[in-house]
Amino acid sequence: MAPCMADYRVIARPNCSLSPRGRVAVVALIASFSLLVAIGFSLIGAWLVLPFAGLELLALAYAFYHIHCHAEDYESITIAGDHLAVEKRDYKNVSQIVFNRYWARVTLRELPGGEQCLLLRSHGKEVEFGRRFMDNQQRIALARQLKQRVGVVT
Amino acid sequence: MSYTTTAHHDAHEDHPSGIMRWLTTTNHKDIGTMYLIFALIMFMVGGSMIMLVRAELFQPGMQLVQPEFFNQLIGVHALIMIFMALMPAATGFANWMLPLQIGAPDMALPRLNNWGFWLLPPAAILLTLPYILALFGIGDGAIATGWTFYAPLSVQGGIGVDFAIFAVHLLGISSVMGSINVIVTIFNMRAPGMTLMKMPMFAWGWLITAFLLIATIPVLAGAVTMLLTDRHFGTHFFDAAGGGDPIMFQHLFWFFGHPEVYILLLPVWGFMPQILQTFARKPMYGYKVQVYSLWAIGALSVVVWAHHFFTVGMPVPALLYFMYSTMAISIPLAVLFYCWIATIWRGSMSFETPMLFAVGWIILFGIGGLTGLVLADVAADAQYHHTYFVVAHFHYTLFAGGIMGIMAGVYYWLPKMTGHMYNEKLGKLHFWLTAISFNLTFIPQFFLGLAGMPRRIPDYALQFSEFNMISSIAAFVLGAAQLLFVYNIISCARGGKKATDQVWEGAQGLEWTLPSPPPYHSFTEQPVVK
């Protein structure tokens, strides 16, 4: 990660071991063979193979498209000076909430399944962090770290 | 301070409990467990059906069942064992172990994963419901064409064929969903440092399996849909009188059906070298050449389909092509056998239950492969086609090569999954009973086939009596032995000696770095593979 001027920064994001070009290449490779088979059978009269192959490849392509759309998603907390900013990216939507560092409160709330939900709040605003990309232990550890860095601790 | 934490998207943190946990779960371990339990249940259901068949075949003449019901038992047994026992078992392992082995927190598409599993129980109901309906006078029972659905017999069949067609569609959709998930997971969610050529062999086996499924399932789906339209909508795809071609159905079916054999076996070929290296306490021999061989077999498997119907009447050049291409598969397969044997050669071997099954698997699957070479010979196949020789051959490949391989995997990973050690004595007893009774069931069937006894008949000539009697008695022992397997799994899941994280002294791989059982979410810190 590139160095930044923040006092503290944590970014949670998915791990993607396949590049965008790689995604296209995998789909193209599978689609070319599958279509070759389906078109071949269509030419000898078994044309009903083709729509099934098409549907299947659409599903495959959509799966990779879904991964592609969310590959750059992230959730971040940046503490710089008096500010604590929580930023979230979900596909094209980027949202940011800025709290005053010394008024922000860090809370862990237990969910019915026993998992912990990490919440940051201040002045009537509340935002959840770490639900998508972090597991329970990671959220608990992060809460511990955040409580040492923000003003009011609960 | 600045740091980055990486994990993958999974919005299934707050999981419900009770029955809703299992209905709505998107956790790969929960879904893997459901696949494995489903496979075990259906294995017992399919096995029970064949016990009835062997009881009928215990002596010549009609003893217990009507011929129509006998035909239904044969076909549904095969469909259940292939689509609802072996395939879900392999998918269960994939769900459980792939994320652990490649260092991913879960499968890439968890909701798709849940949906893929929950299509299976309705498919099982569809396939077996006609038996129940027949008791109430509705229809004439389940599909009676054998698992191959050959037209025109299947065009003329009862409602069981329709039920089976829709069951196959559901199973196909489930398989495609699973395959898409496996492909996306393996390509996109490997831990940093885990390049493709560092992946565990099981991941390679499953990746090629997924490719094969994607390539062939639409062909099966198209074939059975054309069958459905022939039956109900006036088309003549497979009706010679209407300008169609019944042999085209065989081409379509086996274009799917032959790769299906490798779809069932490739996952086993993936994890078996891992078991062998664990209990030989030696590194796997020839990792790269094994990967290339798996690819070669996968590629060849889609160009050899017509050897299943040499006797239907084909031009001589086609016969020669399919014969030689089929025999060519034995080359990469021989390479695999060489690597498996070289892995355990002069190893510091110990024979816990998984290793017993693995060594037994090499020998018995070897017999399956060699007898396949006999059937690949066009001239010899003219005699052996549609005899019990074929039945014995494919049981050596699919029971010994497939199911016994799965059993090795179950014993290997059960302590990791449950956190408890299974009963070793019971496991070994299960192996010996299975191996001996399996051979006593199917070696006589080789001889029956050589003597000319046709398959899929409820009655037979007196000359085949003794071998059938031996085969039936051994089959009953084989069936009863599986109760030990079920008991051992249940008792292991309920308790027993605590398993260590490593479980086996020689075990290697990321899954063994996690606690036994692994936590609900596997990796608290993303592992880095060096």
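Chain naming here is simple, since letters A, B, ... match the order of the sequence lines and numbering starts at 1 in each. Since the model is a prediction, treat every value here as computed from it, not as a measurement.
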With chain A, the option among B:Ile214, B:Ile186, B:Val184 that has the most non-hydrogen atom pairs under 4.5 Å is B:Ile214
Is it the backbone or the side chain of B:Phe249 that comes under 4.5 Å from a heavy atom of chain A, or both, or neither? neither
Aromatic contact, A:Phe133 with A:His70 (centres under 6.0 Å): no
Which region of B:Met248, side chain (C-beta onward) or backbone (N, CA, C, O), has a non-hydrogen atom less than 4.5 Å from a non-hydrogen atom of chain A, or is it both or neither? side chain
State whether A:Asp7 and A:Arg149 are salt-bridged, where the test is any N-O pair (Lys NZ or Arg NE/NH1/NH2 against Asp/Glu carboxylate O) under 4.0 Å. no
Is the distance between the ring centroids of B:Phe256 and B:Trp305 less than 6.0 Å? no
Which atoms of B:Val219 approach chain A - backbone, side chain, both or neither, heavy atom under 4.5 Å: both
How about A:Glu72: does its CD atom have over 12 heavy atoms from other parts shown lying under 6.0 Å from it? no
So which part of A:Ala38 gets closer than 4.5 Å to some heavy atom of chain B, the side chain, the backbone, both or neither? neither
is_close_aromatic(B:Trp295, B:Phe211), centroid dist under 6.0 Å: yes
Would you say that more than 12 heavy atoms from the other residues, nucleotides or ligands in this model lie under 6.0 Å from the CZ of B:Phe166, or not? no
Chain B contact via A:Ile30 - side chain, backbone, both or neither, heavy atoms under 4.5 Å: side chain
Portion of B:Leu213 that has a non-hydrogen atom of chain A nearer than 4.5 angstrom: backbone
Residue from A:Ala46, A:Gly45, A:Ser34, A:Ala53 scoring the most non-hydrogen pairs under 4.5 Å with chain B is A:Ala46
